[in-house]
4 protein chains.
Amino acid sequence: MNSDLRFPIGAFAPPADPTRSRAAAITRLSRIPAALRLAIVDLSPAQLETPYRPGGWTLQQLVHHVADSHVNFYTRLKLALTEENPTIRPYEEQHWAELADNGTTPVTTSLAILDGIHERADRVLRALPDAAFARTYVHPASGQHTVDYLIHMYAWHGEHHTAHVTRLREREGW
Amino acid sequence: MNSDLRFPIGAFAPPADPTRSRAAAITRLSRIPAALRLAIVDLSPAQLETPYRPGGWTLQQLVHHVADSHVNFYTRLKLALTEENPTIRPYEEQHWAELADNGTTPVTTSLAILDGIHERADRVLRALPDAAFARTYVHPASGQHTVDYLIHMYAWHGEHHTAHVTRLREREGW
Amino acid sequence: MNSDLRFPIGAFAPPADPTRSRAAAITRLSRIPAALRLAIVDLSPAQLETPYRPGGWTLQQLVHHVADSHVNFYTRLKLALTEENPTIRPYEEQHWAELADNGTTPVTTSLAILDGIHERADRVLRALPDAAFARTYVHPASGQHTVDYLIHMYAWHGEHHTAHVTRLREREGW
Amino acid sequence: MNSDLRFPIGAFAPPADPTRSRAAAITRLSRIPAALRLAIVDLSPAQLETPYRPGGWTLQQLVHHVADSHVNFYTRLKLALTEENPTIRPYEEQHWAELADNGTTPVTTSLAILDGIHERADRVLRALPDAAFARTYVHPASGQHTVDYLIHMYAWHGEHHTAHVTRLREREGW
């Protein structure tokens, strides 16, 4: 049950044949900022301060986390495209989510960051030759991945957190 | 002469006593997105495609570079605040500046990214206890630095590139 | 057929009992900028230059029109709340849609205008006492209306144009 | 003295020869959103709640007022360009400034509205033939004016309110 609340669309499953789902992954990625905005735009301040599950982040923290995470997606994408098999830099997402800006910044600020970061990433991705999607990078914990993996993973990540919002709304009748 | 065009406000000089200039550095940082916007907002598309110096980036590339660079400032700041003496991740700024998004994205998109990134960084910085400014991080090439150093360096960096724009305008009579 | 293309969700039907649908209308209004953004964000420049129906506005013109129209919604709402039964100012939407900005402005600019205008309108509406929704204004052509009418009409208007985009995408298989 | 606080750059003086100052007025207009952003971006919440003069609007109200006023500039410009000598619609600025959104909306929201509105107005103005600046409109209270008058007046208006902020900062030592 708790697992369902944490993983409303399931855990990330790497694509079996990423070349076939690549175009869809690029489209899914580009829709994340607007989909997250649509999921939260009419919520009240009190609703934004509600945890998405017992013990979880508030919806406001969650929006700010998606911005933080997708800023890291943006840098990982560009590292993979500009260096040979680079090792990227992980970050402590829980600690980032507890820094002071998460409590005081309007969610609209992080939504605007997401709009801009994803617009630039999208313009890069749509201009890439096919071969570039096979470029690799290394995550120190999980190992070597391709750009194809990266875009599928973050498409899932954005949809995963958007579902945290929409499922809470269903449960609460909001 | 070329040195003047590249370094219109001089090279970065680390502050002698950063505790005394810290508040000013935080204010200078917060003003970078609006100052850069003010420097370029009335330029025409042809002017935005002009190199800031012979052989240098165009003004449009320069705006997109400032966004890229200050996204990296944002992640470095948060790494330094959430890990013990972390090693941060450099990036190849020249290669990033040549990716396809630099040629096709409206400058307003990168200005909006800068507004959002700096708003969040500013809210973190103004809530930090004094001791946190002595926290350290390691740049693989240049060694160990403090958060104080980081904020002075990026305040300089934003002003440095804004001066590229304003000095070109003076020379061109724009 | 052509009527279906022009009115994909039907013509506006004033609410029979607006006090019952008021809360829903406020929510529907607040979601318009994000829903329109979601409908167009992954389209290519060539797709944005496609008319939503034969002889109709392009998708880009349509986004700019929604911003123009909802700027007029914003002023009408505030006129109705700050004057007694004011006569509001119509505008020639077809002529506005042909001004030069419609051809050259990125759609992201009008989406950002919509985000801001609707956020401010939403904050006004959610703070209004019930009685204020019965306040009236006069449209020179169509006569006297209430604030309740206004918010239902523009909720329809935003959904109407968003459906122009989504129906074209269905027909084109985009 | 109070007059100086209210009119820090003096009252609006219509241009003697507007064709000569037209290009400068278009540039001044385009710079207003960035100049206002630069004037307020580093202020604290308490500073934003300070009246710009005894008995005057707070800085936050003032930013929201500039957005409201320049939304009306935008509609007046387009009315003048799309109808023959139209009568435009005044509004009660004091009452608008007291509506609930002025107290609760982040100033960044109105700055983003200003960015977008002025970008679109600027793209219209820079594409206009010279003759169009002689087009006229009628303000019910002050009579007939030209588009040239309109752009000079709102360039002054934006600078007037930006000076309210910068002069308060000088007096307060902020």
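Reckoned from all heavy atoms, side chains included, excluding hydrogens, waters and symmetry mates. Quick note on labels: first sequence line is chain A, next is B, and so on, each numbered from 1.
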Visitor: Against chain D, label C:Asp68 side chain, backbone, both or neither, depending on which of its atoms sit under 4.5 Å from a heavy atom there.
Guide: both
Visitor: Among D:Leu111, D:Ile113, D:Ile88, who wins on heavy-atom pairs under 4.5 Å with chain C?
Guide: D:Ile113
Visitor: Using non-hydrogen atoms only, which part of C:Leu99 is less than 4.5 Å away from chain D: side chain, backbone, both, or neither?
Guide: side chain
Visitor: What part of D:Glu92 gets within 4.5 angstrom of chain C, counting heavy atoms only: side chain, backbone, both, or neither?
Guide: both
Visitor: Under 6.0 Å between ring centres, would you say that holds for D:Trp57 and D:Tyr52?
Guide: no
Visitor: May I ask you to check whether D:Phe12 and D:Tyr149 place their ring centers less than 6.0 Å from one another?
Guide: yes
Visitor: Under 4.5 Å from any heavy atom of chain C, what part of D:Asp115 do you find: side chain, backbone, both or neither?
Guide: neither
Visitor: Any idea which of D:Arg89, D:His95, D:Glu119, D:Glu98 has the most non-hydrogen atom pairs under 4.5 angstrom with chain C?
Guide: D:Arg89
Visitor: Taking 4.0 angstrom as the limit, do D:Asp101 and C:Arg123 come out as a salt bridge?
Guide: no
Visitor: What I want to find out is whether D:Arg167 reaches D:Asp4 closely enough, with some N-O distance under 4.0 Å, to be called a salt bridge.
Guide: no
Visitor: Looking at D:Arg135 and D:Glu83, is there a salt bridge between them, counting it only when a charged N and a carboxylate O are closer than 4.0 Å?
Guide: no
Visitor: Are the aromatic rings of C:His161 and C:His65 close, with centres under 6.0 Å apart?
Guide: yes
Visitor: Using heavy-atom distances under 4.5 Å, tell me whether C:Thr108 contacts chain D through its side chain, its backbone, both, or neither.
Guide: neither
Visitor: Counting heavy-atom pairs under 4.5 Å to chain C, which of D:Asn72, D:Thr87, D:Leu128 comes out on top?
Guide: D:Thr87
Visitor: Do you know which of D:Gln94, D:His64, D:Arg126 has the most heavy-atom pairs with chain C at a distance under 4.5 angstrom?
Guide: D:His64
